[in-house]
Amino acid sequence: MNTKLLKDTPEDLQTAADLLRSGQLVAFPTETVYGLGADARLETSVKAIFEAKGRPADNPLIVHISDLSMLNDIVTEIPDLARKLAEAFWPGALTMIFPKADCIPLVTSGGLNTVGVRMPSHPMAQKLIQLSGCPIAAPSANRSGLPSPTTARHVMDDMNGRISAVLDGGQCEIGVESTVICFDDPETVHILRPGLYSVEDFQPFARHVYVDKAVYTQIAPDAKAASPGMKYKHYSPNAKILPVDAPDFNSFVNYVLSHQIENTYCLLFDSDPEIEGVPCLHYGDDGLHQAHDLFFRFRELDEKGAKLVYVRMPRENTRASLSVYNRLMRAAGFEVMKL
Ligand code: AMP
Ligand code: MG
């Protein structure tokens with residue numbers, strides 16, 4: 001299959017929408033990361049997403065919509081709290097879990113009776129959904145296990161020859177996937193996966209807000225997870241990622257200098273100085289910038305042939321920093337070097 005690279009023009013967007021309507025797979029930019037889309041109602045097309053990614057069949061897909069009338073078509077119940085959050089955060093980087101309607105097949109929901117739904121804010125994503133008229137099932141457009149793609153070239157690196165087209169919208173603004181939440185009861189927000197939005201952002205709307213333990217710790221592959229995606233090793237480049245929890249920069253440097261192997265790299269904060277004798281990349285000083293850069297740097301490290309990467313631990317665990325901490329820990333298989 002020849003994968004077309006499409007641009008942000010009315011003709012190319014129409015081509016992408018037509019491909020989706022005819023059951024093909026099209027990758028597209030969102031404000032979080034690139035998604036690999038198919039009509040969420042078509043079993044065969046959704047199966048093709050799982051094949052193209054090499055994704056386990058029990059890991060459900062998020063369905064993307066462009067307006068609230070589409071939500072009514074694909075879910076059977078919308079809690080009041082979800083309506084309030086939709087008003088506050090949609091379009092945007094928030095995915096909410098609802099009981100699914102019959103038009104969403106079990107392949108899309110990974111066998112669950114619920115479906116995750118998001119209304120993205122990226123103008124190209126919105127246009128694509130509107131033009132196609134389809135609710136679009138779209139996981140991140142990487143091969144399963146690899147870092148999520150934040151540019152069209154990353155998508156091509158993983159998916160060239162496997163899918164019909166990629167819409168190029170430049171680099172994604174946020175850089176990590178959406179926040180995924182479900183509702184344990186009418187007043188409780190349960191965060192399954194942190195993203196740009198976290199506990200602090202939902203507190204004004206809900207009596208209780210809490211983060212699933214799978215965000216902080218590795219859960220067994222055979223365990224029953226509230227969010228099946230959290231069971232799998234994820235987001236990791238080929239290089240081994242080792243976060244180093246050091247009291248200060250000097251102790252980080254001392255550790256690195258005495259524990260180098262062939263092709264050792266460091267991933268530092270922007271404000272950290274270079275380390276003589278060890279090649280370094282930088283990934284921002286605060287949660288927002290780190291989220292934006294993290295997956296991009298992971299892919300860059302692989303391109304440079306890194307074998308081992310010592311990473312400075314994010315300083316905080318709030319808001320976007322929690323998503324950075326979570327992706328970093330999962331890329332590292334939850335192994336940390338604590339000094
Ligand atoms: P990705 O498509 O790669 O962004 O991953 C989607 C994430 O959303 C995974 O971690 C899934 O486990 C989670 N997810 C999607 N749908 C559901 C659902 N119905 N229930 C719980 N988690 C879900
Ligand atoms: Mg993914």
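Atoms within each ligand, like the ligands themselves, are counted from 1 in listed order.
Under the 4.0 angstrom criterion for non-hydrogen atoms, S109 is not in contact with ligand 1. Proximity of K100 to ligand 1 is not established, as no heavy-atom distance is less than 4.0 Å. Ligand 1 has A226 within reach: a non-hydrogen atom of the residue lies less than 4.0 Å from it.
Closest to atom 13 (C) of ligand 1 among all protein heavy atoms lies S227 OG, 3.4 Å.
Less than 4.0 angstrom separates some heavy atom of L112 from each of these atoms of ligand 1: 18 (C), 19 (N), 20 (N). Each of the atoms 18 (C), 19 (N), 20 (N) of ligand 1 lies under 4.0 Å from some heavy atom of T114. Atom numbering of ligand 1 starts at 1 in the shown order; those under 4.0 Å from a heavy atom of P139 are 2 (O). Listed by number with element, the atoms of ligand 1 under 4.0 Å from a non-hydrogen atom of N59 are 9 (C), 11 (C), 12 (O).
For the residue pair H282 and E274, a side-chain donor N or O sits within less than 3.5 Å of a side-chain acceptor on the partner. Side-chain contact of S271 with D285: a donor-acceptor pair under 3.5 Å is present, judged by distance alone.
In the candidate list E177, R193, R118, R193 is nearest to atom 4 (O) of ligand 1, counting heavy atoms. The closest non-hydrogen atom to atom 15 (C) of ligand 1, taken over S178, P60, G116, comes from P60.
One distance of note links CE of M119 with CG of L94; it measures 11.0 Å at 0.5 Å rounding.
Coordination check, S140 versus the Mg ion (ligand 2): passed, since an N/O/S atom of the residue sits under 2.8 Å.
For the pair D157 and R143, the salt-bridge criterion is not met [side-chain N within less than 4.0 Å of a carboxylate O]. Ion pair E303/R153 flagged as a salt bridge, since at least one NZ, NE, NH1 or NH2 atom sits closer than 4.0 Å to an Asp/Glu carboxylate oxygen. Remark: K84 does not engage D80 in a salt bridge, criterion side-chain N to carboxylate O under 4.0 Å. Between D245 and K338 there is a salt bridge, since a side-chain N of the basic residue sits under 4.0 Å from a carboxylate O of the acidic one.
By the 3.5 Å distance cut-off applied to N or O atoms, G229 is counted among the residues near ligand 1.
When non-hydrogen atoms are compared, ligand 1 lies under 4.0 Å from the side chain of I62 (C-beta onward) but not from its backbone. The proximity of I97 to ligand 1, defined as any non-hydrogen pair under 4.0 Å, is limited to the side chain.
Ring geometry for Y310 versus Y255: interplanar angle over 60°, hence perpendicular rather than tilted (30 to 60°). By the 30° and 60° cut-offs, the orientation of the rings of F98 relative to F183 is tilted.
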